[in-house]
Structures are given as C-alpha cells and as structure tokens.
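Notes follow the structure.
Values below: all heavy atoms of this structure, side chains included; hydrogens, waters and symmetry mates excluded. All figures in this text were calculated on a predicted structure; none of them were measured in a lab. For ligands, and for the atoms within them, numbers begin at 1 and follow the listed sequence.
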Amino acid sequence: MTTISHLLKWKQQQKKFASITVYDAVFARLFSEQGIKVMLVGDSLGMTVQGHSSTLPVTIEDIIYHIHCVRRGTSSCLLIADLPFMSYATPIQAFKNAAVLMRAGANIVKLEGGSWLSDTVNGLTERAVPVCGHLGLTPQSVNIFGGYKIQGRDLDSAEHLLTDALALEQAGAQLLVLECIPVTLAERITHELTIPVIGIGSGAVTDGQILVMQDVLGISGDRAPSFAKDFLSTGGSIAAAIRSYIQDVEKGWFPAIEHSFQ
Ligand code: KIV
C-alpha cells in the first residue's frame, strides 16, 4: 500500500513518480498492474466522463461514486479524492464532505486554493484527514481567471503563489499539486517546500507528475492540452502506454520543454 510517507521519502531521495487520474475499476486495476502508485479521482471527470465544459457541475455524490468504483479496482494505490466546487466553502462543509470521501476509500482529499484555506486545512488534518493542496491554474476558478490561463507569470502573482504554497504547508497540507505555472516558479516552490509537489503543465522540476488519463491515452480530441502527451500512439497498447508514461517521468524525460511553460 502506497502512503504519503512513501511520497515524502521519494522526494527526499529525488526519485520522481508518475500519477494519473482515474474514474473506474477497470482502469484502476490496469494502471495499478503497470506500476502506477498514486491515483486521483479528479473533478476533471465533469469534462472527461460527463461531457461538461468545466468542472463546476461535479457534485460530492459524483466523486463518492467514482471513489467507490476506483477503490474496487485497486487496494494498494494512494487514492486522492477531489473536493468539488463549493463543497469546502466553509470548514464545516469541508469536514463533512471530506469524511464521506475518506469513508468511500480515499486516502487524502484535494482542494483548490491558497491561504484562505489555512483554517480548513488545519482543521482537516487535526481531524485525521490528510490534505493535498492545488495551486496555479485551479480549474474551479475558471470564471475568476477568465479562461484556462497559465498562472504565476508576473512577479506579483508568482510571489503570491509561493506564499500560498508555504501557507498550505504550514497549515498541515501533506501534498501539493501545481497546475500550469512557469517551470522556474514550479522549481522554486518544489525546492522551498518539504512536502512532495506534483506538477501538471509545470515542467519536469516537480517531485511527481500527474496527467488526466484520457490525455495520456490520446483520446481527448481537440480538448488535449499542449502540456500533455499521447503515450498510446507510440505505446502499442494501453498497458504499454502507461509503462512508458511512468518510465518517462521517472527518468525526467517527460514533461519535455515543449510540454512546459516559461
Ligand atoms: O481534476 C483533476 O483531474 C485534477 C488534475 C488535473 C490535477 O485536478
């Protein structure tokens, strides 16, 4: 069984790891058999499974359902569960919703946002719920950002992201996802934090990587982001594609410069 302690050890050993989103038992089993040790039931399922144009329609019941499905496919992976839009607007709401996700089989809950969540993160960890933060291009804030745009490009927003990352760690977060920020900023945050940092669209400098499974398999059509890579086109089979994704991340070959932002 992979635990957060393994991820911490890998960070200290500078051993990179690949993780992936997953939404059902069949893929969870297959990914686990190929060596994936960290999986996320992300609210990206609103777009990848439900066909919405954003993650906002996803409910806590949706995440619970998919956590149950994934847990039946793998008993050994570290399973991250997303708290969906508005399910953690207050600490009390976060405690209640995190509890049902943990009961469904999650090992850690993920929420989007920075220092405004300090009390929530602190309260969750004190109540035995591990927390993964998520900063950068946080998709639940798409209407605030005015689209899916790279974050942290100017000095002020970069400093703000670093401050938020430190605040989350200070509040007790044990893991952090950085989405779509410049490589130099991702490198700085990864270096300054003691907790493991997982990147998506943030360069090869983070401790781990995560991709949406449909992007790894090249089946996202015109929704595939520029930072992703279709591993199935050269892999030959889904299993081989996952193995080559893991290998490329572990060797530091993925993401390459063309999958990163400066
Ligand atoms: O919802 C999701 O799948 C995510 C990842 C893209 C990090 O948050």
Side-chain ion pair, Glu159 and Arg188, N-O less than 4.0 Å: yes
May I have the step-by-step check of side-chain hydrogen bond (donor to acceptor under 3.5 Å, both in side chains) for Ser157 and His160, ending in yes or no? CA-CA 5 Å; Ser157 61; His160 200 84; over 6 Å; no
By number and element, which atoms of ligand 1 are closer than 4.0 Å to a non-hydrogen atom of Asp43? 1 (O)
For the NZ atom on Lys37, are there more than 12 heavy atoms of other groups (residues, nucleotides or ligands in this structure) within a distance under 6.0 Å? no
Among Cys180, Ser44, Gly199, which one has a heavy atom closest to atom 3 (O) of ligand 1? Ser44
In ligand 1, which numbered atoms sit nearer than 4.0 Å to a non-hydrogen atom of Gly42? 1 (O), 2 (C), 3 (O)
Is there a heavy atom of Glu112 sitting under 4.0 angstrom from any atom of ligand 1? no
With a 4.0 Å cut-off on N to O distance, would you call Asp215 and Arg223 a salt bridge? no
Which atoms from ligand 1 have a heavy atom of Lys110 less than 4.0 Å away? 4 (C), 8 (O)
Find all atoms of ligand 1 within a distance of less than 4.0 Å from any non-hydrogen atom belonging to Thr21, and give their numbers and elements. 3 (O)
With no hydrogens and no angle check, is any side-chain donor or acceptor of Arg127 less than 3.5 Å from a backbone partner on Gly123? yes
Among Leu40, Val212, Ile200, closest by heavy atom to atom 4 (C) of ligand 1 is Leu40
Mode of Asp82 contact toward ligand 1 - side chain, backbone, both, neither (heavy atoms, under 4.0 Å): side chain
CD (Gln170) with more than 12 external heavy atoms under 6.0 Å: no
